[in-house]
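So you know, we letter chains A, B, ... as the sequences are listed, proteins then strands, and number each from 1.
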Amino acid sequence: MHEISLCQSLIDKVQQIAVTHGALSVGLVTLRIGPLSGVDPLLMQHAYPFAAAGSLAAESKLLIELSPLRVRCEGCCSETEVEPSFLICSVCGSHHTELVSGDEMTLMSVELVTRGEVGHV
Amino acid sequence: MCDTCGCNITPGNLRFAYKPLNGTTAVAVLKNLLARNDDQATHNRYHFDQHRILTINLMSSPGSGKTALLEATIDALHHEYRIGVIEGDLDTENDAMRIRAKGVPAHQIITGSACHLDAHMVHDALHQFPLSGLDILFIENVGNLVCPASFDLGQHRNVVLLSVTEGDDKPSKYPVIFRAADLVLFTKSDLLPVLDDFSPERAEENLRNLASSAPVIQLSARHALGLQPWLDWLRGQLVIQRSQVDQGESIRPRIQHDGAHFPEVSI
């Protein structure tokens, strides 16, 4: 539902980075998205070209890395992979866990097409 | 600090950090997609703290009784606290009119097609909604169990309502929003005797399976049942918020969507 507005703020940021670096265009944009981020990767892919149109990222590709959902148990200290609706410790069953990864929606990197000279970066 | 993930890059050394390869340059960013919203939310929270206000973000599906809860809360607390309400809906001023009928200032944000409030919408509303003199500000989010959970508004606490007509598996179906709750209210509890498929115990178990320690309160706003624990919780949160503000601090929701598993590089 809100993937379009997320894509628009993503493109704003990418555009800002491209302009700062004097890039000609953007090649690849890499995101990392977790199952508890509230973001649907497929909808994000669909929304991306619409948000990117007219920007330096118009011809860019969006790569989404899915981060695993992992919790650390405060009781037995195990770190385990879990399901979104079941965030308890898979080893001892404790409800007292802390999320280690899985709620990210992070812009990881942007690949810029430059003039190929150090001075322009 | 390491040489692989970008955490060693600072604004000062950024221009030395990347070597162009075949005309392309990779720039590590590590920035939350909602960074702009979160910056605005921090600004909103600063405003609330300046006015020593407790701000509560009410989230739930449509029709679970957020406005009815506010009406009952205003009836119970209007002699004790000065309350303000910001309403979010796709259309109509209906909810704000219901609140104003109780003699409490209310501002309606009409989101058009947007399925959630964001920090910028709330900030715009604050320009038309004087905070001075208020003790508690409620922000009634758009009825939706998905999108509102992702957007920090600058609130101090998240309260999620689950009406007993909705089904006790809602916390399992919508883990993102229920995980973000600092308090969960099972509303319309007067209907429990005629609903044999909603078990409060099962609903709470599904909430605990999200590793949530949020307290749960059962209440019926229409029949004024079980309101006391909710009112006491509000009073307690206001006391905590005020004591934090007096020390130059502020309270924040238990779960922050900040992608804090990565170090941030500012570019």
Side-chain donor-acceptor pairs of residues 72-80 of chain A under 3.5 Å, sequence neighbours excluded:
residue: A/Arg72; atom: NH1; partner: A/Glu98; partner atom: OE1; Å: 3.3
residue: A/Glu79; atom: OE2; partner: A/Arg70; partner atom: NE; Å: 3.2
residue: A/Thr80; atom: OG1; partner: A/Ser90; partner atom: OG; Å: 3.4

Shortest non-hydrogen separation from B/His116 to A/Ser5 and the atoms involved: CE1-OG, 4.2 Å
Mind listing the closest non-hydrogen atom pair of B/Pro175 and A/Pro84 along with its distance? CB-O, 3.3 Å
NE2 (A/His95) and OG (B/Ser213) are apart, to the nearest 0.5 Å, by 11.0 Å
side-chain contact (heavy atoms from CB on, under 4.5 Å) test vs B/Thr24 passes for just one of A/Val26, A/Val113, A/Leu112, namely A/Val113
Grab the two heavy atoms, one from B/Ser150 and one from A/Met105, that are nearest each other, plus how far apart they are. CB-CE, 4.2 Å
How long is the span from the CG atom in B/Leu210 to the CG atom in A/Leu99, to the nearest 0.5 Å? 11.0 Å
For the side-chain contact (heavy atoms from CB on, under 4.5 Å) test, which of A/Leu10, A/Leu6, A/Val39 pairs with B/Leu34? A/Leu6
State, with a plain yes or no, whether a side-chain heavy atom of A/His21 is found less than 4.5 Å away from one of B/Thr25. no
What one should report as the nearest heavy-atom pair of B/Ala28 and A/Ser109 is CA-CB, 4.1 Å
Is the count of non-hydrogen atoms from other residues, nucleotides or ligands lying under 6.0 Å from B/Glu93 atom CD greater than 12? yes
Going through the checks in order, is the side chain to side chain contact (heavy atoms under 4.5 Å, CB included) test met by B/Leu30 and A/Met108? CA-CA 4 Å; B/Leu30 304 179; A/Met108 298 301 287; 3.4 Å; yes
NE2 (B/His43) with more than 12 external heavy atoms under 6.0 Å: yes
Can you name the residues of residues 197-209 of chain B that have some heavy atom under 4.5 Å away from a heavy atom in chain A? B/Arg208, B/Asn209
Interface residue of largest heavy-atom contact number with chain B, from A/Ile33, A/Val82, A/Leu24, A/Val110, under 4.5 Å: A/Val110
Going through the distances and angles, do B/Arg179 and A/Leu36 end up as a side chain to side chain contact (heavy atoms under 4.5 Å, CB included)? CA-CA 9 Å; B/Arg179 197 178 147 261; A/Leu36 281 182; 3.7 Å; yes
Per-residue tally against chain A (heavy atom, under 4.5 Å) across B/Ala114, B/Pro171, B/Ser172 peaks at B/Ser172
Top contributor to chain B interface from A/Ser85, A/Cys7, A/Cys89 [non-hydrogen pairs under 4.5 Å]: A/Ser85
Heavy-atom closest pair (B/Leu33 atom, A/Ser9 atom, distance to 0.1 Å) is O-OG, 3.2 Å
A/Asp12 side, atom CG; B/Arg36 side, atom CZ - distance, nearest 0.5 Å: 5.0 Å
